[in-house]
Amino acid sequence: MHIDALTLPEGATLDGDLCIVGAGAAGIAMALEFIGRPERVLLLEGGGFDLEPQMQALYRGEIVGRPYYPLEAARLHYFGGTTGHWGGFCAPLDNIDFEQRPWVPHSGWPITRAQLDPFYARAQRTLQLGPYEYDAAYWQQRDARLQRLPLDPTVVREKMWQFSPPSRFGTLYREPIVSAPNIHLYTHANVCEIDVNDSVSAVESLSIRQNDGRTQRVRATRFVLACSTLQNVRLLLASNRHATAGVGNAHDQVGRYFMEHLEMAAGNAIILRPQSLQLYALDWGVTKARAELALTDRVQRELGLLNATIAIEPAPKSGEAKNTFELEPPESLESFRRDTPNGLTSDMLAEAAKTPPHDSASVVRQPFFALVTRQEQAPNPNSRITLSTERDALGVPRVRFDWQLSSLDKRTMRSSFRALGEEFGRRGVGRVQLRDWLLSGDTIWPDSLSGGWHHMGATRMHADPTQGVVDASCQVHGIGNLFVTGGGVFPTAGSANPTLTIVALALRLADHLKHTRV
Ligand SMILES: Cc1cc2nc3c(=O)[nH]c(=O)nc-3n(C[C@H](O)[C@H](O)[C@H](O)COP(=O)(O)OP(=O)(O)OC[C@H]3O[C@@H](n4cnc5c(N)ncnc54)[C@H](O)[C@@H]3O)c2cc1C
């Protein structure tokens, strides 16, 4: 059932068994799991059913670290959340992402990939994806045209991706949520404060506030914050009446270790016989899945690198570059030869020149490609979200966003491209050219550096309350009835876009809440 919170009188109290704050990817995935069950679920959504500028403006924030997208554009504040404009690229995290890697400080999840596998399989359905199959061999069996590049599989592996339509949760799941008698969806219900007991061991209620100053109280047995990473942090830190440093922040962990994916063109490639690139082509209609290239776990361990994948993208003609990607093809084969450190033989150039020029009908039939990386950043306690001194229209302090990178991030990108280039050369696949900035010092990044619009960390999962905000069940350490879900709980980011993992974790939390009592 749906109630617009704008119709609630001042001082009203809402009561439920489970309260989920935020109806985006995570919140809706959880609420769907409770349809038809005995629990009375309150689903509180700050926005309405469509974008409203004054609601969106609540997301504005102060950017003090690396340049970043305007925060009011980086997340959507209405029913369905940021699935309203996400791209639908999906892949699970790899086994190695969950491991404690000695060369990656603060790495390691308190759960394994195997524990998450059943929830990944369910999340595939929620996101309208295909079978839970991310092995290149599975897709090759279905289509003989999908051939691997002849690279050494002990050095370079294929990381497979699938593509959601993309599912827009706000339209796809509105009807089942609104028609479920036990799901009470409140729109325009912006939660502004978490009220905890004197000993800061339990949440007693939440406060929601309207633009005209009216407030209402929400009581429930258990509470889940699913407002997306930055807003979850804001809510925890701003709730500082009993917990002076903020709720869940007794050990100064809330807001630390914010992570993004580094998504950018960092190199070019000439690939000989590019007709064999169908497996790597971004062509939803044909493949429904595609591969990107990644260094194997063995090579990551040997070189001490983070996880990254490299997509082979058609280099667009001049003028077609996306503003965040700086994709510029080399002007000619000659210039490519001049700029490429290890050069090309005349035989290779002749071979490449035989391939037809770029044509829009077949993106794979051209010799020039941009290599676009998707790389995790190392967990970094100084990459941090705190509160600004400025407040939003509801009186809540805005976010102060300080995104920081480390030398391991730069070294990983450079070494991954070098290792790929060496393998291309060794196997006669082609040549890789690194961008100039990639060869420069470890702290130098181009102005065009952008993230993937993925917000992870800052309420990270760790068994030790001094090193994380939530435990392996996503319960806030020390507060028995408060849980956080979303990308914020990731201890490390992996190279995969986060939403499949976000939905898998939300389904896992739903199961946990169904099978446990406070
Ligand atoms: C341009 C773009 C492209 C993307 N492409 C991809 C992609 O290809 N693949 C991928 O995996 N991910 C992608 N993402 C990221 C993806 O959108 C997010 O990972 C996902 O939406 C996060 O889910 P969430 O539920 O945590 O947050 P959201 O979907 O943002 O939902 C949070 C919800 O909480 C509500 N809310 C916030 N504050 C409050 C409050 N105080 N009170 C009540 N309600 C509140 C919001 O209105 C919203 O409905 C993309 C993001 C962007 C911006």
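Both backbone and side-chain heavy atoms feed into the values below; hydrogens, waters and symmetry mates do not. We number each residue from 1, following the sequence as shown.
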Any donor-acceptor pair under 3.5 Å linking the side chain of Thr485 with the backbone of Ala226? no

Quick one: side chain to side chain contact (heavy atoms under 4.5 Å, CB included) partners of Gln475, sequence neighbours excluded? Asp471, Phe483

Flag the pair Asp152 and Arg157 as a salt bridge only when some basic side-chain nitrogen lies within less than 4.0 angstrom of an acidic carboxylate oxygen. no

According to side chain to side chain contact (heavy atoms under 4.5 Å, CB included), who are the partners of Tyr68, at least two apart in sequence or on a separate chain? Ile63, Leu71, Ala74, Glu260, Phe401, Trp403, His455

Which distance, rounded to the nearest 0.5 Å, do you find between the CG of Leu146 and the CH2 of Trp139? 9.5 Å

Any donor-acceptor pair under 3.5 Å from Ser107 side chain to Arg101 backbone: yes

According to ring pair (Phe, Tyr, Trp, His ring centres under 6.0 Å), who are the partners of Phe417, at least two apart in sequence or on a separate chain? none

Would a 4.5 Å heavy-atom cut-off, applied to side chains only, mark Leu149 and Leu277 as touching? yes

Without hydrogens or angle criteria, can the side chains of Ser383 and Gln404 be said to hold a donor-acceptor pair below 3.5 Å? no

Would you say the side-chain atoms of Glu292 pair up with the backbone N or O of Met160, donor to acceptor, closer than 3.5 Å? no

Results of salt bridge (Lys or Arg N to Asp or Glu O under 4.0 Å) for Arg234 - residues two or more places apart only: Asp392

Donor-acceptor pair, side chain of Gln300 and main chain of Leu295, under 3.5 angstrom: yes

Please identify each residue that fulfils ring pair (Phe, Tyr, Trp, His ring centres under 6.0 Å) with Phe119, with sequence neighbours left out. none

Are there over 12 heavy-atom neighbours, none belonging to Arg418, within less than 6.0 Å of that residue's CZ? no

Using the six-membered ring of Tyr257, assess whether NZ or CZ of Arg460 lies under 6.0 Å from its centre and within 45 degrees of the ring axis. yes

Set of residues satisfying ring pair (Phe, Tyr, Trp, His ring centres under 6.0 Å) with respect to His477, sequence neighbours excluded: none

Does one side chain, of Arg435 or Asn268, offer a donor that lies under 3.5 Å from an acceptor on the other? yes

Taken in chain and number order and not counting sequence neighbours, the residues that satisfy salt bridge (Lys or Arg N to Asp or Glu O under 4.0 Å) with Glu302 are Arg298

Check for a donor-acceptor pair, side chain of Ser164 on one end and backbone N or O of Leu129 on the other, with a separation under 3.5 Å. no

So, using salt bridge (Lys or Arg N to Asp or Glu O under 4.0 Å) as the criterion, who are the partners of Arg301 when residues are at least two apart? Glu99

If the threshold is 4.0 Å, N to carboxylate O, is there a salt bridge linking Asp442 and Arg414? yes

So which pairs with a foot in residues 505-514 pass side chain to side chain donor-acceptor pair (under 3.5 Å), sequence neighbours left out? Glu33-Lys514, Arg122-Asp511

When you check the gap from the basic side-chain N to the acidic O, do Arg431 and Glu423 get nearer than 4.0 Å? no

Taken to the nearest 0.5 Å, the spacing of Leu387 CG from Leu237 CG works out to 4.5 Å

If we only count heavy atoms from C-beta on, is the Arg113 to Pro92 side-chain gap below 4.5 Å? yes

Which residues satisfy the salt bridge (Lys or Arg N to Asp or Glu O under 4.0 Å) test with Glu133, sequence neighbours excluded? none

Side chains of Gln375 and Asn307 only: does a donor on one sit below 3.5 Å from an acceptor on the other? no

Applying ring pair (Phe, Tyr, Trp, His ring centres under 6.0 Å), name anything that partners His462, two or more places apart in sequence or on another chain. none

Looking only at the side chains, is there a donor atom on one of Gln124 and Tyr134 sitting less than 3.5 Å from an acceptor on the other? yes

Hey, is Glu62 close enough to Arg398 for a salt bridge, meaning N to O under 4.0 Å? no

Say whether, by atom type as modelled, one donor and one acceptor occur between the side chain of Lys410 and the main chain of Ser440 under 3.5 angstrom. yes

Is Thr373 reaching over with its side chain to a backbone N or O of Glu263, donor-acceptor style, under 3.5 angstrom? no

What donor-acceptor contacts under 3.5 angstrom involve side-chain atoms of residues 489-499, with partners at least two apart or in another chain?
residue: Thr492; atom: OG1; partner: Asp97; partner atom: O; Å: 3.0
residue: Thr492; atom: OG1; partner: Trp109; partner atom: NE1; Å: 2.9

Check the side chains of Gln128 and Ser167 for a donor-acceptor pair under 3.5 angstrom, ignoring hydrogens and angles. yes

Side chains of Thr501 and Tyr120 only: does a donor on one sit below 3.5 Å from an acceptor on the other? yes

